[in-house]
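Everything below concerns the one structure shown next.
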Amino acid sequence: MSTSKAKVLIDTNRTIAPISPLLFGGFAEHMGRCIYEGIYDPRSPQADERGFRKDVLEALRDQAYTVIRYPGGNFLSGYNWLDGVGPREQRPRRRELAWQSVETNQFGTNEFMEFCRSIHAEPMLGVNMGTGTIQSASDLVEYCNVPAGSPLSDLRASHGFREPHNVRYWCVGNEMDGPWQIGHLDAAAYGNKAREAAKLMKLQDPSIKTILCGSSSDQMRTYPEWDRTALEIAWEHMDYLSMHYYAGNAQDDTASYLASAVYFERYVDTLEGTLRYVKARQRSKHDVHLSWDEWQVWYKGDPMQGNWTEAPHLAEETYNLEDALVVAQWLNVFLRRSHVLKIACVAQIVNTISWLHTRPEGLLKHPSYYAFKLVSNLARGEALDIHVRAPQVETKQYGPVPALDVSASYDGETDQGAVFLVNRSQTETLLTDFLWQDGQTVRIDKAWQLAGSDPKAVNTWDAPEQVLAKTIPAPVVDANRATLSLPPLSFTVLTTRAA
Ligand code: AHR
């Protein structure tokens, strides 16, 4: 263990872009126990009168989710949305092929809308581009968004929802580049189908925003050619291009894993280049932004097939401190790339690939829950272009990288700022000098730290609060300078106000 010096230079005039509130979104799929036993569990002592788990709703509200993507995922590509609406007792039980589970359809589109309202999040719906048609995509927009008076909006009204749901964000399929996807297509076939679907959907409701499936990760053989091809075909009909990525430390190479932000940034930068290239080739005035609508740590090898059971335990990863530090860096990247990244959804919000796990009577929060909660509640206004000087950490995958990974926000309306700092070194404490360069007098309001000496430290049902964010004394600012010691393996958050 040793101590080195670092420096963070902040200027509220040096902005990157407004932070899109939709960067703090989540994803809820009919997979494992995300919907059933996660969000919806009428038999739980925690259930409210609608069958929603009160403790889960509260934790989701605490995380200030702004948008929730639903219903999949791979599930989407075999889903008939009509199965999930209308009287519950008439809804079919089906063999769900993507996750080899039994789908009871007791939770569907209308329950999802009520759920979103309960946590004050916008809904983001997917239309099936696997077994689904452009007609079924258009129909779902009619069902959700058209005022009563058409066959499908009247059907919605007959189901108890006279007012339209006004869903603004629509994913046109899911991971259609993946050979595992039900109804997988090549890029040109998908681009054509997605363009026609989006055309019909926008004829139903011109105010909607559509999201084109990009590659399911940058590891795909067809990446980034898939993205270019599909974009060129569908450009004018799409508002966002999706990105998906799941990080992990399968090689147990913690130094490289803790430099994941380098990887995330390269991925965004390549797709930003692709967007610019296609826009130029199209001679277009239209802009398409990025929607990172599946991101999370996922690599620990939990089962992924349900053996034809209801609500099987799938992909219920236990997250540790190093996973939380990767999540914190991911959020830093969202802020640093906020000029092009406008939507992001963590996959998923409860139980399945999630930092929140339920048992009938309780809820367990993994360390990354605390990292997300801090950033989603505090990053407001504009992202700042922070200047950082820090010692380097050697990594096998990326060579030398700075020990400090930083992002910051500043809201001119409230005069409040926030700084988010990951010390990715496993051994070095960073004695960090902060300097506010814009001439305004600031004070540090509050400070929090999520830290530990063991990167593998976890929370368990028996010891649920081993790794969490704790408040620490706020450093005093003198002549616009402050100093704070950032321990190895830590995530620190500072909020500032005008003094
Ligand atoms: O989130 C789990 C799965 O990961 C999704 O269903 C799919 O889109 C991705 O491959």
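Counting starts at 1 for both ligands and their atoms, in listed order.
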Do Glu103 and Tyr36 have a side chain donor and acceptor closer than 3.5 Å?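 Judged by distance alone, the side chains do pair up.
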Would you say the rings of Tyr65 and Phe372 are close, in the sense that their centroids are separated by under 6.0 Å?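 Centroid separation for Phe372 and Tyr65: below 6.0 Å.
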Can you confirm if the aromatic rings of Tyr223 and Tyr267 lie within a centre distance of less than 6.0 Å?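 For Tyr267 and Tyr223, the ring centres are under 6.0 Å apart.
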With sequence neighbours left out, the residues meeting side-chain hydrogen bond (donor to acceptor under 3.5 Å, both in side chains) with Trp298 are none
With a cut-off of under 6.0 Å to the ring centre and 45° to the axis, is Arg69 in cation-pi contact with Phe27?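 Yes, a cation-pi geometry.
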Trp330 and Phe264: ring pair (Phe, Tyr, Trp, His ring centres under 6.0 Å), yes or no, with the steps? CA-CA 7 Å; Trp330 224 318; Phe264 305 152; 3.9 Å; yes
For ligand 1, what is the set of protein residues having any non-hydrogen atom at a distance below 4.0 Å? Phe27, Glu29, Met31, Gly73, Asn74, Trp99, Asn174, Glu175, Tyr246, Glu294, Trp298, Gln348, Ile353
